[in-house]
Every structure is written in structure tokens, then in C-alpha cells.
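Report on the following structure.
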Amino acid sequence: MNNTIALSQTTRITDTINQLATFTEPERPHTRLVFSSEFEQARLWLRETFVAAGLSCHVDAGGNLVGVLKARTDEPCPDKVLLGSHIDTVPAGGRFDGIAGVAAALEVVHYLNTNEIKLPFDLEIVDYLGEELNVWGTSCLGSRHMAGLITSEMLERVDPDGRKLGTEIARIGGSGGTSEEPRSDASQIIACLELHIEQAKSLEKQNLDVGIVTSIPGIYRYSISITGQAGHSGTTTMTERRDALVAAADIIQGVSAIANQIAGADNQHFAATIGKIDVFPNGAAIVPGQVEATLDLRAASDHSRLNFFAEFENLCTQASKSRNCEINIKQLAAAAAAPMNDELMKLLATAAVKTGVSSTKISGGAGHDTAHLSRFAPAGMIFIPCRDGLSHCPEEFTTSEAIAKGSLVLIGCVLELARRTSLTRA
Ligand code: HGY
Ligand code: MN
Ligand code: MN
């Protein structure tokens with residue numbers, strides 16, 4: 001295998017990154033929300049790029065854009081390897097979260113084409129639909145669909161503009177229907193692989209090229225509804241107030257204190273964030289009567305999650321009493337922690353050694369499509385460093401060389417999977 005990174009490779013990666021970066025809300029770069037016009041334009045460009053790379057394209061029932069490099073075998077239903085990530089972004093996000101993984105997956109295809117290598121399995125290059133948290137309160141739409149985790153309750157959700165989630169998925173080419181079982185050819189899937197920026201600092205700090213991901217943390221999201229009483233800010237006395245925002249402030253402070261205590265005590269990743277809050281009526285001369293907030297939990301272990309939640313419930317009871325407000329908590333989404341496949345971790349580590357790419361084992365705090373893919377097929381993931389660990393912001397940055405190095409590891413892993421598949425077939 002050719003381990004050197006050709007200038008043409010980094011130039012192509014840079015072009016992919018720069019081209020996709022043009023599809024953004026102009027006044028809020030980089031914003032390419034799922035189902036937006038920017039997203040649809042980016043999808044059109046990506047489909048053309050997939051076809052130009054020799055892939056046969058379709059949008060599957062879950063709304064994923066899939067480019068297939070057909071196997072050399074004439075078997076009716078050959079084995080498959082999935083390779084991909086996502087091109088949707090958070091609001092005012094970066095140019096690399098997800099996109100680096102799609103660019104790296106395309107580099108694997110270019111390597112195979114340039115070296116005229118035909119694999120003994122189909123290689124599916126995937127842009128998974130809607131990985132980022134959306135206005136419907138869920139995320140990883142396409143990979144959840146593949147894993148059989150899209151329910152009618154989710155599809156019926158309506159956003160503030162009246163758009164129904166199921167209708168939006170159908171509008172961009174998916175079925176818009178539920179998915180209660182993993183994809184029917186799951187037993188034929190040898191591996192799902194994803195490259196992603198680390199979105200934290202450890203690889204950059206250790207000056208390492210690649211992190212072999214050991215597990216993806218569980219993600220749990222809850223809506224917090226606080227109901228007090230709106231009132232005149234001048235005439236409502238301090239003692240008679242039912243101020244929903246003050247109750248929210250108690251909860252926000254408390255969540256941070258509990259999470260710091262658990263994260264400090266537990267040697268596994270734990271984080272809790274209230275990053276979205278809406279105040280009603282939200283007027284300077286009005287005592288806030290209603291607050292809607294979202295709690296985002298990341299837990300590598302169920303133990304720490306359950307610990308947190310017990311204390312969180314006490315905190316809400318306390319805030320409800322002391323502020324005389326009604327507080328309702330509702331679970332919006334849950335994805336259990338996902339350990340990566342041991343064999344794929346070994347293959348990725350070996351591929352890194354063989355290609356002279358420095359690596360270490362790593363776990364992270366972010367959610368990824370690969371967590372859902374791991375529910376029905378062997379899944380593996382690698383991180384590449386990003387500058388200052390920044391992500392979900394315009395300052396997010398990594399180099400085309402870093403992406404190219406990561407793609408070498410993916411290529412090495414895919415070639416070893418091909419060698420083993422051919423052996424088992426022989
Ligand atoms: O929220 C996450 O961890 C991912 O970036 N969607
Ligand atoms: Mn991502
Ligand atoms: Mn993200």
C-alpha cells in the first residue's frame with residue numbers, strides 16, 4: 001500500500017472542504033441545518049461528486065445519501081462495508097465536523113480507483129442524514145433509521161414553523177416512515193467505519209495523528225418546562241413572585257455543580273449542559289412566567305447517568321418548592337453508550353502502524369452516527385486532531401494533511417478487510 005500522501009490528495013480534500021463550506025447561511029457561517037436549502041444544495045453537489053468518483057448513488061429510506069462502489073463479485077447480495085459521516089452542521093458551526101469524515105471516505109474511493117483495486121464487498125460511502133441535534137429534539141436521523149430507531153412519535157413531531165419531521169425526511173428523498181428494525185442486510189455488513197475530528201484537545205496535546213475510538217458516550221436529552229406566573233416587574237412584590245427564570249437559574253447552577261462533582265469523581269467521561277433556554281414573555285418589565293430549557297447529558301457509564309439524574313430530580317423538587325413554580329421534565333432522546341468493535345479497533349491500530357501514522361486509543365464526549373451503527377453491525381471510528389479542540393463554532397479547524405493521514409488508516413483497514421473476506425471466500 002502506498003503510504004505517502006500525494007499533493008493531489010490534500011488538494012482534493014481542501015477542495016471538498018472549501019466547496020461544502022460555500023453551502024451555508026451567508027450571515028451565520030457555517031450553518032447548514034438539515035433539510036435547509038443550503039443542505040439540499042450541498043447534497044446535490046455531493047451526489048455529483050460521488051458520481052464523478054464512480055459511485056452509483058441513491059437516497060435510502062432513512063434519507064441517507066449512499067454512493068456504492070460495487071464489489072467485484074457477481075453475488076446477488078454481497079457483503080458490505082460502510083464508510084461515511086455527515087455534512088449537516090449545528091448553527092454557526094464549523095467546516096470539519098462530519099465533513100472531514102465524508103472527505104476521508106472519498107479518499108478511500110480515489111485510492112481504490114487510482115490503484116485499480118476491486119473489493120470483494122460493496123463499499124458504501126454514506127452522508128448520514130441529520131446527525132446534529134435538530135429543532136424536533138432528535139439527532140442522527142439517518143443512522144437511527146438504519147438501526148431501526150425511528151418511531152412514529154418522532155416523525156409526528158412538528159417544529160415551530162409547523163414542519164413535520166416525517167414530511168421533511170420524505171421531501172429530501174427518504175420514505176418518511178418509521179424504522180423499527182435494523183436494515184434488512186445488516187448480517188451482510190462487515191464493518192461501519194467513520195473518521196471524525198476529535199472535538200477536544202488530547203490528540204493535539206499529545207501531537208498524535210489518529211485516535212482509535214474505544215467507545216462513544218451515551219447521550220440523553222430532556223426538556224425542562226418551568227411554569228410560574230408572569231407579572232408586572234414593578235408592582236409584583238418580591239415575596240409573592242413565581243419567577244420561572246429564577247427557578248431556572250437555580251436548576252442551571254445546580255446542574256453544573258452536580259455534573260462537576262460526578263465528572264471529578266468518575267474516571268469516565270461525564271458532562272451535563274443546559275445550552276438552550278427560552279423565556280416567556282421575555283420582556284424587561286415582566287416577571288418571567290414560563291421557561292423552556294433543554295438538558296444535554298453525556299455519560300460513558302450508566303452508573304454516572306443514574307447518579308446524576310437522582311440528584312437532578314431532588315434539585316428540581318427543591319427549586320419548585322422554593323420558587324413556587326411547576327417543573328416538568330420529559331425525555332427527548334436517549335442513546336446508550338456504544339463500545340466500538342474490538343477487532344476493528346485492532347485493524348485500525350495495525351493500519352496506523354503500517355502506514356506510519358501515530359495513534360493512541362481514545363474515547364470522547366461527542367455523539368456520532370457510529371454509535372447507532374454499532375447497534376446492528378461491527379463499528380469502528382478514528383479521530384483526527386483539531387486546533388485547540390474547538391468544534392461547533394466557526395473557529396473549528398483541521399488540516400487536509402491530517403484528514404489525508406486518517407484516510408490512510410481507513411484505506412489500510414479496508415484493504416485488510418478485503419484480504420480477510422477473500423480468504424474466507426477462497
Ligand atoms: O452533539 C453531538 O455530540 C454531536 O456533535 N452531534
Ligand atoms: Mn459530528
Ligand atoms: Mn457535531
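Counting starts at 1 for both ligands and their atoms, in listed order.
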Quiz item: Parallel, tilted or perpendicular: which describes the rings of Trp45 and Phe23, with under 30° parallel and over 60° perpendicular?
Solution: tilted

Quiz item: Using the ring of each side chain (for Trp, its six-membered ring), is Phe383 parallel, tilted or perpendicular to His196, with breaks at 30° and 60°?
Solution: perpendicular

Quiz prompt | Angle in degrees, rounded to 10°, that NE2 of His196 and OD1 of Asp97 form at the Mn ion (ligand 2) | solution = 80°

Quiz prompt | Minimum-distance pair of heavy atoms, taken over all atoms of Arg43 and Tyr128 | solution = NH2-C, 4.3 Å

Quiz item: Out of the N/O/S atoms in Glu132, what is the name of the one closest to the Mn ion (ligand 3)?
Solution: OE2

Quiz prompt | Polar side chain donor-acceptor pair, Glu198 to Ser202, under 3.5 angstrom | solution = yes

Exercise. Measure the acute angle between the ring planes of Phe308 and Phe312, then classify it against the limits of 30° and 60° as parallel, tilted or perpendicular.
Key: parallel

Exercise. Could you name the protein residues that come within less than 4.0 Å of ligand 1, counting only heavy atoms, and order them by chain and residue number?
Key: Glu131, Glu132, Arg221, Arg298, Ala366, Gly367, His392

Quiz item: Looking only at side chains, do His392 and Asp97 share a donor and an acceptor under 3.5 Å apart?
Solution: yes

Could you give the side-chain donor-acceptor pairs of residues 213-221 under 3.5 Å, partners two or more places apart or in another chain?
from	atom 1	to	atom 2	distance (Å)
Thr214	OG1	Ile362	O	3.3
Arg221	NE	Asp296	OD2	2.9
Arg221	NH2	Asp296	OD2	3.3

Practice problem: Give the name of the N/O/S atom in His392 that lies closest to the Mn ion (ligand 3). | Solution: NE2

